[in-house]
Number of protein chains: 2
Amino acid sequence: MATRRASISDLAKQLNLSVSTISRVLNNHPAISDATKKRVWELAKQLNYQPNHLAAALRKGRSNTLGVVVPHIDGHFFALVLKGIETIANLAGFNVMICQSNENEGHEKKNIATLLNAQVDGILVSVSLTTRDFSHFDEVRRRNIPLVFFDRVVETPEASAVVLDDYQGAYQAVSHLIEQGCARIAHLGGPQHVNICQNRYRGYQDALQAHGIAYDEALVHFSNLSMQDGHDGMEQLLQQAPQLDAVFAANDLSLVGAMQVLKQHGLRVPNNVALAGFSNELFSSLTEPKLTSVDQRCEEMGRTAVHLLLELMAQNENDEKLTGRQITLQPELLIRESSERVPAA
Amino acid sequence: MATRRASISDLAKQLNLSVSTISRVLNNHPAISDATKKRVWELAKQLNYQPNHLAAALRKGRSNTLGVVVPHIDGHFFALVLKGIETIANLAGFNVMICQSNENEGHEKKNIATLLNAQVDGILVSVSLTTRDFSHFDEVRRRNIPLVFFDRVVETPEASAVVLDDYQGAYQAVSHLIEQGCARIAHLGGPQHVNICQNRYRGYQDALQAHGIAYDEALVHFSNLSMQDGHDGMEQLLQQAPQLDAVFAANDLSLVGAMQVLKQHGLRVPNNVALAGFSNELFSSLTEPKLTSVDQRCEEMGRTAVHLLLELMAQNENDEKLTGRQITLQPELLIRESSERVPAA
DNA sequence: GTGAAAGCGCTAACAT
DNA sequence: ATGTTAGCGCTTTCAC
């Protein structure tokens with residue numbers, strides 16, 4: 001049979017003290033005599049007292065839990081972000097509840113409802129790709145629950161968010177390719193209604209321009225960036241522009257597909273065609289040659305998002321008005337074999 | 001300002017009914033007139049009533065939450081298992097709380113304490129590699145909280161667990177290599193104090209024996225299975241046994257390292273040396289050639305573990321004695337390019 | 001078919 | 001420095 005756990009009132013009875021005194025000791029309230037403190041702690045330890053957080057949460061109206069909604073829990077990026085979130089949340093004494101939207105607007109709405117019902121003290125969201133209606137976030141706002149978007153954001157000035165500077169990442173990657181001596185740089189781009197893909201495309205364009213290289217439509221191909229997409233895109237690019245000497249892809253997966261095609265055509269990487277991708281996947285350093293890629297600082301994004309959320313929660317506590325704050329993380333270009341040309345001696 | 005949410009007693013007042021009646025309606029209690037039911041549901045909808053789960057949990061002593069402890073949240077395997085867990089748990093109306101032990105015994109103990117404090121209704125655990133003392137699980141048992149181990153288990157008959165048949169997976173993979181005409185099959189094995197690694201090693205041995213191939217110590221190399229380990233191991237194996245014609249690795253990562261070495265030595269995969277790995281990582285089908293690998297049925301493991309846990313929870317509800325039950329999942333061998341030899345015409 | 005009342009374990013005024 | 005008391009929102013026994 002399960003042994004009933006000791007409660008505050010159990011301690012109170014055994015020590016002939018009031019529950020409030022016990023509660024005060026347990027919460028490190030200052031105005032308590034050392035003697036009492038000691039007695040209480042000792043008995044607590046002896047009875048293996050475990051606070052009932054549910055009760056405290058009910059009373060205080062806060063659950064000590066943060067909610068997270070991600071499109072999916074698998075996959076390199078979100079897994080690492082979640083790791084960052086977990087770490088900081090736990091450090092700050094919060095539990096974390098994770099929901100997956102499966103890139104589905106309906107799921108996402110349900111997830112938000114679940115988290116609100118669970119009375120979470122704050123919410124972190126990376127918006128599903130299919131979400132077009134954002135009313136569920138209004139409900140969060142109405143309930144005055146602090147919310148921070150990360151990576152995939154709803155762009156309004158009132159919203160707080162942590163994002164990566166995709167534009168800069170792309171700009172750096174392309175600049176690097178140019179510095180390696182490439183001049184006919186192709187781009188495998190993602191869906192342009194997705195803002196991160198658009199920003200990567202703009203970074204590509206601007207880097208070319210900044211280095212006095214003319215933009216050439218024949219060097220650009222858009223797709224959904226699967227490996228197969230990269231494969232097909234590369235075939236097409238080679239047809240349209242056989243003289244290309246580098247590829248910048250909006251993700252690493254499509255770049256792997258592209259690299260296969262290049263090899264099949266007898267082109268050498270990086271000497272005939274230099275390659276740079278985006279997202280620094282696990283496999284990016286397992287290919288041959290290893291892929292140069294823009295790292296997205298995943299864990300840091302998670303950590304930063306929680307810090308921001310805790311900030312908002314503190315503001316909320318003090319009845320300050322919630323101010324939207326956007327934080328942009330700078331990506332890091334990881335230069336590997338696929339783009340490093342030996343300088344012509 | 002935040003609008004206060006409607007409570008049961010709010011509904012009661014507005015309808016001139018008692019709280020108990022409202023509660024009954026909301027919980028689909030049978031003995032309620034249809035008329036009342038209708039009135040209550042309508043007002044509930046109108047006021048957008050949301051039940052306060054915290055309060056219900058406190059009252060009922062159950063939180064409607066399942067706790068999970070995993071070594072880490074990133075990485076292919078656990079991410080997929082978690083996905084499976086999430087899916088079924090949500091379907092069954094449970095929230096999920098995820099904790100990472102970071103392969104650290106101390107963390108794991110803290111995680112369990114956290115979950116017990118959060119009064120989860122059931123716990124799923126994959127044990128950290130460094131855990132030597134298992135007393136924290138005794139505490140769970142004492143509190144009568146159902147617990148299911150998955151993948152990394154504490155082997156006692158009272159414990160419930162879901163595991164993969166690593167032995168069979170290895171056996172199949174090696175048999176497949178033999179069927180491809182290989183006879184000098186090397187093994188890159190993992191730490192033998194880890195039971196899954198040991199089982200894979202045994203599967204390797206028994207498959208050889210079953211096909212009348214003598215075991216040769218010079219063909220076996222143990223390590224921690226990092227990519228570098230695979231690399232180094234392969235170098236050593238080629239020295240010890242240059243005539244080897246296949247490699248079975250206890251994971252895919254080490255196999256990638258090994259494959260690099262083979263290529264450097266001018267050996268062709270699969271025709272000179274055929275390759276099979278274990279775990280079917282994301283990158284396993286991105287390498288060239290694509291790796292044959294044993295798939296671990298990750299999502300299914302998660303789903304199965306939750307089903308088993310729900311079963312135990314039901315038993316618990318009925319005051320039945322908790323019976324330990326072990327479920328073994330059969331892996332699936334995915335045959336890809338790295339092991340498919342074109343039959344000598 | 002419905003209501004009254006107790007209480008889950010805790011916190012926080014408001015006492016003294 | 002400590003005690004008294006009310007109540008968070010819900011479920012549930014017992015009554016009618």
Side-chain angles (χ1 to χ4, degrees), chain A residues 2-41 43-44 47-65 93 116-121 143 317, chain B residues 2-41 43-44 47-65 93 116-121 143 317:
Chain A
T3 24
R4 216 179 60 73
R5 8 191 310 192
S7 70
I8 286 198
S9 87
D10 293 336
L11 299 196
K13 269 169 212 146
Q14 292 204 35
L15 294 176
N16 268 317
L17 287 168
S18 73
V19 285
S20 40
T21 302
I22 309 289
S23 172
R24 286 193 186 91
V25 173
L26 264 20
N27 291 290
N28 297 312
H29 189 100
I32 298 282
S33 77
D34 284 355
T36 317
K37 273 188 201 161
K38 200 172 161 230
R39 291 176 61 209
V40 173
W41 278 120
L43 185 62
L47 298 187
N48 187 26
Y49 167 79
Q50 298 295 131
N52 185 331
H53 285 140
L54 246 43
L58 175 59
R59 176 61 232 245
K60 294 199 280 195
R62 331 188 302 100
S63 64
N64 245 275
T65 300
L116 288 176
N117 269 356
Q119 232 108 219
V120 295
D121 300 332
R143 298 252 199 115
E317 202 79 355
Chain B
T3 22
R4 217 180 58 74
R5 12 191 305 194
S7 71
I8 285 198
S9 86
D10 293 337
L11 299 195
K13 268 171 213 146
Q14 292 205 34
L15 294 176
N16 268 319
L17 287 167
S18 73
V19 286
S20 35
T21 302
I22 309 289
S23 171
R24 287 201 259 266
V25 174
L26 264 19
N27 292 292
N28 298 312
H29 189 100
I32 298 280
S33 77
D34 284 354
T36 316
K37 271 187 202 161
K38 200 173 160 228
R39 290 177 62 209
V40 173
W41 278 119
L43 185 63
L47 297 188
N48 186 27
Y49 168 78
Q50 298 296 130
N52 185 331
H53 285 140
L54 247 44
L58 175 59
R59 177 60 230 244
K60 295 199 279 195
R62 330 187 304 99
S63 64
N64 244 275
T65 301
L116 288 176
N117 271 355
Q119 347 264 340
V120 294
D121 300 331
R143 298 250 201 117
E317 201 79 355

What's the [atom1]-[atom2] distance between [X] and [N], to the nearest Å?
X        : N      : atom1 : atom2 : value
A:Ile8   : C:dA12 : CD1   : P     : 11 Å
A:His29  : D:dA1  : NE2   : C1'   : 9 Å
A:His53  : C:dC10 : NE2   : P     : 10 Å
A:Asp10  : C:dG9  : CG    : P     : 8 Å
A:Leu116 : D:dG9  : CG    : P     : 16 Å
B:Leu17  : C:dA4  : CG    : P     : 11 Å
B:Leu26  : D:dT12 : CG    : P     : 13 Å

Report the residue (B:Ser20 or B:Leu58) whose heavy-atom-nearest nucleotide on DNA chain D is the more 5′ of the two.
-> B:Leu58
Assign each of B:Asn52 and B:Arg24 the nucleotide of DNA chain D bearing its closest heavy atom; nearer the 5' end lies the nucleotide of B:Asn52
Under 4.0 angstrom between A:Ser23 side-chain N/O and C:dT11 OP1 or OP2 | yes
Establish, with yes or no, whether the OP1 or OP2 oxygen of D:dT2 is under 4.0 angstrom from a side-chain nitrogen or oxygen of A:Thr36.
-> yes
Side-chain donor or acceptor of B:Arg5 under 3.5 Å from a matching atom on the base of D:dG9?
-> no
Does the D:dG9 base have a donor-acceptor partner in the side chain of A:Arg59 within less than 3.5 Å?
-> no
Rounded distance (nearest 0.5 Å) linking atom CD of A:Gln50 with atom CG of B:Leu116 = 7.5 Å
Separation between NE2 (B:His53) and OG1 (B:Thr65), nearest 0.5 Å, reads 9.5 Å
Using a heavy-atom cut-off of 4.0 Å across all strands, would you classify [X] as base, sugar-phosphate, or nothing?
X       : result
B:Leu54 : nothing
A:Asn16 : sugar-phosphate
A:Ala56 : sugar-phosphate

Student check: side-chain heavy atoms of A:Leu47 and A:Leu11 closer than 4.5 Å = yes
Among [options], which nucleotide sits nearest the side chain of [X]?
X       : options               : answer
B:Ser7  : D:dA1, D:dC10, C:dT11 : D:dC10
A:Ala55 : D:dT12, C:dG9, C:dT11 : C:dG9
A:Ile32 : D:dT2, C:dG3, D:dC10  : D:dT2
B:Thr21 : D:dT2, C:dC10, C:dT2  : C:dT2
B:Tyr49 : D:dC10, C:dA5, C:dT2  : D:dC10
B:Ala31 : C:dC10, D:dT4, C:dT2  : C:dT2

For A:Gln119 and A:Arg143, test the side chains for any donor-to-acceptor distance below 3.5 angstrom and give the result as yes or no.
-> no
Just checking, is any N or O donor in the side chain of A:Ser23 or A:Ser20 under 3.5 Å from an acceptor N or O on the other one?
-> no
Apply side-chain contact (heavy atoms from CB on, under 4.5 Å) to B:Leu26 and B:Tyr49, showing your working.
-> CA-CA 10 Å; B:Leu26 264 19; B:Tyr49 168 78; 3.6 Å; yes
Which residue lies more 5' along DNA chain C, comparing B:Ser18 with B:Lys60 via nearest heavy atoms = B:Ser18
